[in-house]
Amino acid sequence: MRVTRVFKRLLGLRGERVVGVELVEAPKPRLVVEVALPVRRRLVCGRCGQLCGSVYDHRRQAWRDLDAVTTSVWITCRIARVACPDCGVVAEAVSWARPQARFTRRFEDTCAWLLQQASRRAVAALLGVDWETVGRITSRVVNEQRHRYGDGLDGLRRIGIDEVAYRRGYRYLTVVCCHDTGRVVWVAPGRHRATIERFFGELGPQRSAALEAVSLDLSQSYQQAVRRHAPNAAVCADPFHVAKKALFALDRLRSRHWQRLRRDDPLT
């Protein structure tokens with residue numbers, strides 16, 4: 001099998017052709033794969049996705065792909081800049097990268113998955129990109145998923161609300177999870193009533209009314225917000241806070257009995 005055909009299959013290309021592969025040594029070793037688009041193709045705006053009939057000009061662009069062992073891989077291609085009636089002059093869409101991205105879909109999907117498992121700093125060091133680039137990549141992946149599948153808040157029936165500390169100095173995130181699927185559906189900084197109000201604002205009155213049960217801690221601000229926006233939902237205290245309050249009450253009871261025994265019998 002020819003080298004170009006091997007790389008076409010490895011890169012998952014379909015109508016595009018691999019016309020060259022070169023190992024560049026300086027300034028750092030990298031593998032450059034030259035790709036050619038079909039001559040007869042539909043020109044699609046890389047920003048809004050609508051078909052375009054006119055070409056403004058052409059330019060060569062490069063996208064970074066996942067590394068091959070210890071060598072970075074780059075895809076280069078000569079693409080058209082189309083005259084979109086809504087977006088103006090923008091680069092045409094390509095199958096291996098998201099609009100306005102300098103990384104391939106595989107690279108960005110891997111980055112987003114790693115960010116679920118490790119810290120942002122660790123992901124940046126592993127992939128060899130800066131900290132801010134990781135944030136921009138994640139935003140593109142999340143926005144695409146939200147555009148394709150919605151905001152992920154449809155069909156919620158039983159949810160849990162809690163906060164988690166993510167940094168010293170009382171920095172908290174409010175986390176909403178779905179008890180039926182076990183997945184996190186909403187996260188925002190803060191742990192106050194305004195944060196919960198923001199969640200119910202995105203959920204909307206119709207979907208809020210469909211909630212059947214909401215588990216949370218015994219914070220009055222959380223309970224008031226839930227009872228206001230989800231009147232049909234049963235408010236449930238989560239087991240951790242129930243056990244915490246029960247142990248606190250048991251300790252207070254033990255302390256009172258101990259003090260009473262000490263008054264009755266100082267030698268006890």
Without swapping roles, check the side chain of D251 against the backbone of L247 for a donor-acceptor pair under 3.5 Å.
-> no
Answer yes if the side chains of H192 and E197 hold a donor-acceptor pair under 3.5 Å, and no otherwise.
-> no
Does the side chain of F248 come within less than 4.5 Å of K244's, by heavy atoms?
-> no
Y222 versus V235: any side-chain heavy-atom pair under 4.5 Å?
-> no
Donor-acceptor contact below 3.5 Å, side chain T138 vs main chain V134 = yes
Taking the side chain as every heavy atom from C-beta outward, state whether D67 and T70 have any pair of such atoms under 4.5 Å apart.
-> no
Student check: side-chain heavy atoms of L173 and E163 closer than 4.5 Å = no
Taking atom types as modelled, is there a side-chain donor on H179 or S215 under 3.5 Å from an acceptor on the other?
-> yes
So, the side chain of W186 versus the backbone of C177: is there a donor-acceptor pair under 3.5 Å, distance only?
-> no
Under 4.5 Å between any side-chain heavy atoms of R102 and Q61, yes or no?
-> yes
Per-pair distances, 0.1 Å, donor-acceptor, side chain in residues 44-58, under 3.5 Å, sequence neighbours excluded:
residue : atom : partner : partner atom : Å
Q50     : NE2  : D86     : OD2          : 2.7
D57     : OD1  : R81     : NE           : 2.8
D57     : OD2  : R81     : NH2          : 2.9

Measuring from L114:CG to L127:CG, what's the distance to the nearest 0.5 Å?
-> 5.5 Å
Test the R64-F103 pair against the cation-pi criterion, namely NZ or CZ under 6.0 angstrom from the six-membered ring centroid and within 45° of the ring axis.
-> no
R17, CZ: over 12 other non-hydrogen atoms inside 6.0 angstrom | no
Verify the distance criterion only: is there a donor paired with an acceptor across the side chains of D65 and T104 at less than 3.5 Å?
-> yes
Begin from the C-alpha positions of F200 and V226 and carry the test side chain to side chain contact (heavy atoms under 4.5 Å, CB included) through to its verdict.
-> CA-CA 8 Å; F200 282 108; V226 170; 4.1 Å; yes
Considering non-hydrogen atoms only, spot the tightest contact between A233 and A213 and give its length.
-> CB-N, 4.0 Å
Is it true that the side chains of H257 and R260 contain a donor and an acceptor less than 3.5 Å apart?
-> yes
Would one find more than 12 heavy atoms of other residues, nucleotides or ligands at under 6.0 Å from atom CZ of R121?
-> no
Show your working on side chain to side chain contact (heavy atoms under 4.5 Å, CB included) between I75 and L11 and close with a plain yes or no.
-> CA-CA 9 Å; I75 296 177; L11 296 175; 4.0 Å; yes
Considering non-hydrogen atoms only, spot the tightest contact between C77 and E34 and give its length.
-> CA-OE2, 4.3 Å
Atom pairs and distances, donor-acceptor, side-chain atoms in residues 203-211, under 3.5 Å, two or more places apart:
residue : atom : partner : partner atom : Å
R207    : NE   : L203    : O            : 2.8
R207    : NH1  : D151    : OD1          : 3.1
R207    : NH1  : D151    : OD2          : 3.4
R207    : NH1  : D154    : OD1          : 2.6
R207    : NH2  : D151    : OD2          : 2.9
R207    : NH2  : E202    : O            : 2.9
R207    : NH2  : L203    : O            : 3.3
S208    : OG   : G204    : O            : 2.7

Check: T133/R136 side-chain N/O donor and acceptor closer than 3.5 Å | yes
Can R228 and Q224 be counted as having a side-chain donor-acceptor contact under 3.5 angstrom?
-> no
Yes or no on side chain to side chain contact (heavy atoms under 4.5 Å, CB included) for T174 and F199, after CA distance, side-chain angles and deciding distance?
-> CA-CA 10 Å; T174 295; F199 164 71; over 6 Å; no
Close side-chain approach of T76 to V33, heavy-atom, < 4.5 Å | no
Let me see the working for V35 and V19 under side chain to side chain contact (heavy atoms under 4.5 Å, CB included), right down to the final yes or no.
-> CA-CA 6 Å; V35 174; V19 295; over 6 Å; no
Inter- and intrachain pairs under side chain to side chain donor-acceptor pair (under 3.5 Å), touching residues 87-99, at least two apart = E16-S95, R41-E92, R98-E108, R98-D109, R98-E144
V82 side chain near V89 side chain, heavy-atom distance below 4.5 Å = no
Do V73 and L31 come within less than 4.5 Å of each other through their side chains, counting heavy atoms only?
-> yes
